[in-house]
Asks: 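Below are the structure tokens for one structure; questions will follow.
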Amino acid sequence: MVSGNLFHCRRNSWPAEEYVGRTALQLLDFDGGSPPEQAWRRRLNSHANLLKEFSVTFMEAMRMMSLGLRLWSYVREEASHGRKAPIDPFTKEKCKPSASQGVPLGGMGSGSISRGFRGEFKNWHIIPGLCETSPVMENQFSIFVSRDGGNKKYSSVLSPGHHEGLKKCNDSGISSWDWNLSGQHSTYHALFPRAWTVYDGEPDPDLKISCRQISPFIPHDYKDSSLPTSVFVYTLVNTGKDRAKVSLLMTWANSIGGFSHHSGGHFNEPFITAKDNPPVTFAIAACETQNVNVTVLPVFGLSGEGHDSAKQMWDRMKQNGHFDRENFEAGTSMPSSSGETLCAAVSASTWVEPHGRCTVVFGLAWSSPKIKFQKGCTYNRRYTEFYGTSERSAVNLVHDALTKYRIWEEEIEKWQNPILKNEKLPEWYKFTLFNELYFLVAGGTVWTDGQPPVIDEKPSPGSNQQKSSKRGTRDTKQESVKDNHVKLTAEQVTNGGDLANGEEQSVSKYAAVHGPQMAKATNGLGSQEPIPYLLSKNGPENVGKFLYLEGVEYIMWCTYDVHFYASFALLDLFPKIELSIQRDFANAVLYEDRRRMKFLADGTSGIRKVKGAVPHDLGTHDPWHEMNAYNIHDTSKWKDLNPKFVYRDFAATGDMSFGRDVWPAVCAAMDYMNQFDRDGDGLIENDGFPDQTYDAWTVHGISAYCGGLWLAALQAAATMAHRLGDRPFAEKYKLKFIQAKAVYEAKLWNGSYFNYDSGTSSNSRSIQADQLAGQWYAASSGLPPLFDENKIRSALQKIFEFNVMKVKGGRLGAVNGMTPNGKVDETCMQSREIWTGVTYGVAANMLLHGMEHQGFTTAEGIFIAGWSEEGYGYWFQTPEGWTIDGHYRSLIYMRPLAIWAMQWARSPPKAILDAPKVNLMDRIHLSPQMIRAMNEINVRKIAPDNRCFPSSAFRCEC
């Protein structure tokens with residue numbers, strides 16, 4: 001835990017030599033086996049402490065009692081339909097969260113599996129919106145070493161043995177395996193999307209082992225970054241005096257987490273046939289070379305009834321170091337019974353000479369080609385554009401992974417090295433910057449091929465599905481997730497690739513196919529017409545549609561108020577995906593869904609989606625069609641969503657086609673907000689409830705946060721209009737900006753910072769960490785500053801001195817609210833929390849204004865509390881926030897991706913750097929007629945005008 005004197009003991013580096021002996025590092029510096037100089041590191045015997053969740057105070061609980069009762073009722077109602085509510089604080093995971101996470105596997109949007117730093121495969125996120133957190137302990141790598149003619153033998157699972165439920169008497173299951181690894185001399189080194197596990201003399205004192213985990217996360221590569229596959233490269237170094245026979249074993253259970261492997265009906269066969277419902281296919285493989293012999297065991301179980309038990313399989317490996325080659329010809333096995341777990345194994349054996357080295361490569365792929373949403377449609381995943389929808393695609397995926405992983409590594413290093421080798425950057429920042437990207441894989445991401453929903457040619461018996469060329473399929477029949485079939489295949493496929501020694505090789509593959517896992521539910525639309533599928537234009541290249549969750553505990557896709565922070569990562573690394581998301585929201589702005597929904601905060605009801613309003617999210621159980629799954633407040637009245645929508649991505653990419661595509665939505669979004677300017681002074685007012693991303697923190701009148709975002713949006717919209725040739729709009733919003741800026745400063749600036757709001761409540765003068773979000777938005781978009789530089793720096797310095805340094809010496813990040821007398825604002829649970837993504841955003845703002853020391857110190861608090869050994873254990877599961885005593889809220893959350901805003905501040909995109917160094921606002925000349933007309937407008941009447949462009953031709957100016 002964070003200690004009192006930690007602030008005075010900060011280190012600038014975490015060298016590998018402190019975790020691995022120098023000799024071992026030198027010996028493993030072969031074929032990429034040695035871990036990098038900059039990485040997040042842990043010993044495998046590190047204690048994985050249970051994490052502590054936040055709790056509300058008595059007064060907060062009393063204030064939220066009515067909301068809690070309505071939310072509880074809603075959660076029960078959703079459960080009665082077989083659905084999980086987007087926000088459910090009442091249902092707790094059976095597997096309590098612990099400080100055990102590591103780098104996840106695979107690319108983006110094709111289902112993910114996380115792997116803990118001690119080696120366990122966990123957090124199964126194959127089914128959209130559903131995360132099975134418990135590890136599947138049958139999934140392991142193991143090693144068997146024989147020396148001196150068999151007189152010296154070592155065997156162990158390559159994971160520490162202190163796991164619950166393993167040591168049972170007379171057990172024929174996995175507890176009968178040798179769990180001999182203490183982890184004392186084994187270490188984990190993470191630099192997303194790769195990770196290294198080094199076994200320095202464990203279990204054989206004369207054998208150095210490195211396992212390198214590689215996944216295809218490659219910026220600007222929109223093909224390979226969508227692939228659900230990972231590679232594990234084992235580097236073996238024999239430091240002994242005698243020859244060693246080394247056999248590595250990969251075992252895999254027919255499971256996608258939870259209890260899916262107990263559902264029965266699982267069976268093995270040499271080829272896979274399709275089912276009516278989308279299956280999940282797993283393939284495990286190993287490269288066979290002249291020096292490496294690969295064998296498989298098609299099926300084993302925990303009980304051993306009708307096939308080998310886990311104990312019999314283990315004993316055979318200890319005795320022989322391999323399986324029978326005849327197993328490749330194995331036929332179909334008998335289906336498993338309910339409660340029985342079937343597993344598969346691949347073994348790779350080699351001889352390592354004294355002082356010799358060898359490389360053994362395993363691959364894992366999974367294929368879930370179709371995505372089914374519980375109330376909605378079925379879509380094809382992005383990777384099916386390249387591998388098709390056949391169940392055999394897992395075999396092809398793992399084959400290609402084993403032949404292409406070296407190319408992937410070259411591209412990853414080319415991307416990362418300029419940052420890693422920059423001596424001006426703090427060491428913690430270098431690897432944390434990359435490791436926070438874990439969320440783009442593990443955050444429930446879905447990446448489709450961008451086409452309309454898939455049409456099922458064979459609807460399930462009894463269902464009411466109707467074929468439609470526009471809408472596709474909507475599921476209407478309840479189906480148990482236990483109706484599951486698993487098939488296995490074993491085969492050997494020639495591999496045209498080459499390893500380091502250039503040997504001809506073949507790839508042995510073992511695939512497990514899972515049947516339908518997604519529970520279907522009635523859509524609840526009644527007689528209403530289905531919402532038309534929103535096809536977004538993607539310009540010259542269709543990169544598909546992309547979704548990612550707000551968090552694994554807040555199951556809403558692309559939550560926009562949070563995406564505003566997180567999107568810096570996508571915009572920097574995968575800009576075409578970010579523009580695709582923006583196009584989805586642009587379509588949504590112009591759309592209205594008049595279905596009624598109940599808002600739980602006050603019990604009122606309203607329509608689901610108001611025309612002109614940016615939706616809070618793209619939905620949960622029917623994304624793109626049933627938006628605004630969030631139902632705590634009526635987000636059509638929120639004040640931060642629409643301003644966040646304008647301009648930044650257009651400025652960052654310089655894509656004029658994109659700008660023209662979204663301009664009608666920008667106009668509608670801006671005009672929609674005029675209704676919240678109650679007094680006609682150009683500035684919007686908040687409505688006395690939490691009408692922004694801080695949805696438990698009430699705001700009265702003009703607020704620093706929403707008002708600042710509105711100022712930035714006014715300037716951005718006017719500038720965008722000027723560049724696109726819409727002169728009337730540019731003039732209109734430049735004048736509003738001039739009016740609003742004067743009002744904002746007059747009502748909120750107090751001489752050293754901007755007050756929380758213009759009201760008279762006890763916290764109106766609080767120091768909000770996020771008070772300059774609008775200025776951050778403007779500066780990140782290459783726009784002129786909203787205020788004088790001395791005011792900006794004064795406010796940032798105030799935040800640094802109070803919100804950062806007065807909370808445990810800066811070791812936790814920036815607390816959201818701080819009173820002027822230096823006490824944490826206890827107005828509500830959110831005012832007293834430290835939000836990780838907001839802290840990164842504040843740090844980025846400091847960097848943009850030349851406050852480098854303050855910026856990195858502010859962000860370092862998140863690293864110390866969340867990622868360091870002395871911290872709370874939130875690595876690879878960074879939460880939305882924590883309290884000053886380290887209790888978390890909402891693990892695996894989207895907003896911490898905002899650390900990439902810091903990199904954005906250091907290295908802005910080319911389109912912004914190359915833009916003319918002029919203030920485009922100065923080029924917008926207001927005519928006398930416009931000024932008089934604007935003074936006469938009754939702004940209270942404004943509603944979205946839904947117009948597109950003036951009839952005149954475009955006059956684009958960059």
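When reading the values below, keep in mind they use all heavy atoms of this one structure, side chains included, and skip hydrogens, waters and symmetry mates.
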Asks: Are Tyr888 and Tyr872 close enough that some pair of their side-chain heavy atoms sits under 4.5 Å apart?
Replies: no
Asks: Mind checking whether Phe386 and Asp400 have side chains closer than 4.5 Å, heavy atoms only?
Replies: no
Asks: If you apply the rule side chain to side chain contact (heavy atoms under 4.5 Å, CB included), what do you find for Ile174 with Gln140, and how did you get there?
Replies: CA-CA 10 Å; Ile174 63 172; Gln140 298 290 346; over 6 Å; no
Asks: Can you check whether Phe323 reaches Met313 side chain to side chain, under 4.5 Å on heavy atoms?
Replies: yes
Asks: Taking the side chain as C-beta and beyond, is there a heavy-atom pair between Pro203 and Ile143 under 4.5 Å?
Replies: yes
Asks: Judged by atom type as modelled, is there a donor-acceptor pair below 3.5 Å linking the side chain of Ser112 to the main-chain atoms of Val441?
Replies: yes
Asks: Could you tell me which residues satisfy side-chain contact (heavy atoms from CB on, under 4.5 Å) with Asn293, sequence neighbours excluded, listed by chain and number?
Replies: Glu288, Thr295, Arg325
Asks: Between the side chain of Ser210 and the main-chain N/O of Ser34, is any donor-acceptor distance below 3.5 Å?
Replies: no
Asks: Name every donor-acceptor pair, under 3.5 Å, that has one atom in a side chain of residues 98-109 and the other anywhere in the protein, sequence neighbours excluded.
Replies:
from   : atom 1 : to     : atom 2 : distance (Å)
Ser98  : OG     : Ser100 : OG     : 2.9
Ser100 : OG     : Lys122 : NZ     : 2.5

Asks: Whether Asp31 and Arg406 form a salt bridge (side-chain N of Lys/Arg under 4.0 Å from carboxylate O of Asp/Glu) is what I want to check.
Replies: yes
Asks: Using a cut-off of 6.0 Å, state whether more than 12 heavy atoms not belonging to Lys96 lie near its atom NZ.
Replies: no
Asks: To the nearest 0.5 angstrom, please state how far the CZ atom of Phe232 sits from the CG atom of Leu402.
Replies: 11.0 Å
Asks: Which distance, rounded to the nearest 0.5 Å, do you find between the CH2 of Trp867 and the OH of Tyr874?
Replies: 13.5 Å
Asks: Is there a side chain to side chain contact (heavy atoms under 4.5 Å, CB included) between His125 and Leu549 once you walk through the steps?
Replies: CA-CA 11 Å; His125 221 143; Leu549 292 174; 3.9 Å; yes
Asks: Under the 3.5 angstrom rule, does the side chain of Asp221 hit a backbone N or O of Lys223 as a donor-acceptor pair?
Replies: yes
Asks: I'd like to know if the side chain of Arg381 and the backbone of Ser368 have a donor-acceptor N/O pair within less than 3.5 Å.
Replies: yes
Asks: Go through the side-chain N and O atoms of Ser367 and Tyr383 and say whether any donor and acceptor fall under 3.5 Å apart.
Replies: yes
Asks: Taking only residues two or more places apart in sequence, or in another chain, which ones meet Tyr154 in a side-chain hydrogen bond (donor to acceptor under 3.5 Å, both in side chains)?
Replies: none
Asks: So, Glu120 and Ser159: side-chain donor and acceptor under 3.5 Å apart, yes or no?
Replies: no
Asks: Would you say Val145 and Lys245 make side-chain contact, with heavy atoms under 4.5 Å?
Replies: no
Asks: Do Ser230 and Gln213 pass the side-chain hydrogen bond (donor to acceptor under 3.5 Å, both in side chains) test, and can you show the C-alpha distance, the side-chain angles, and the key distance before you say yes or no?
Replies: CA-CA 7 Å; Ser230 287; Gln213 172 186 312; 5.6 Å; no
Asks: Drop me the distance from Leu302's CG to Cys343's SG, to the nearest 0.5 angstrom.
Replies: 5.0 Å
Asks: Applying ring pair (Phe, Tyr, Trp, His ring centres under 6.0 Å) between Trp40 and each of Phe431, Trp875, Tyr438, Tyr19, report the one that passes.
Replies: Trp875
Asks: Checking side chain to side chain contact (heavy atoms under 4.5 Å, CB included) for the pair Phe144/Ser347: CA distance, chi angles, key distance, verdict?
Replies: CA-CA 10 Å; Phe144 304 83; Ser347 168; over 6 Å; no
Asks: Just by modelled atom types, is the Ser309 backbone N or O under 3.5 Å from a matching donor or acceptor in the Gln312 side chain?
Replies: yes
Asks: Apply side chain to side chain contact (heavy atoms under 4.5 Å, CB included) to Val395 and Thr281, showing your working.
Replies: CA-CA 9 Å; Val395 176; Thr281 311; over 6 Å; no
Asks: For the residue pair Trp252 and Phe282, does the interplanar ring angle fall in the parallel (under 30°), tilted (30 to 60°) or perpendicular (over 60°) class?
Replies: tilted
Asks: Rounded to the nearest 0.5 Å, what separation is found between the OG1 atom of Thr197 and the CD1 atom of Ile209?
Replies: 11.0 Å
Asks: Going by side-chain hydrogen bond (donor to acceptor under 3.5 Å, both in side chains), name the residues that satisfy it together with Ser110, two or more places apart in sequence or in a different chain.
Replies: none
Asks: Taking salt bridge (Lys or Arg N to Asp or Glu O under 4.0 Å) as the cut-off, I'd like each qualifying pair that reaches into residues 179-196, sequence neighbours left out, listed once.
Replies: Arg194-Glu409, Arg194-Glu413
Asks: Working to the nearest 0.5 Å, report the span between CD1 of Ile284 and CH2 of Trp366.
Replies: 13.0 Å
Asks: Phe192: what forms a ring-ring contact (aromatic ring centres under 6.0 Å, His included) with it, not counting sequence neighbours?
Replies: Phe217
Asks: Should Lys318 and Asp178 count as an ion pair when the cut-off is N to O under 4.0 Å?
Replies: yes
Asks: As an exercise, state the distance from OG1 of Thr235 to CZ of Arg212, rounded to the nearest 0.5 Å.
Replies: 5.5 Å
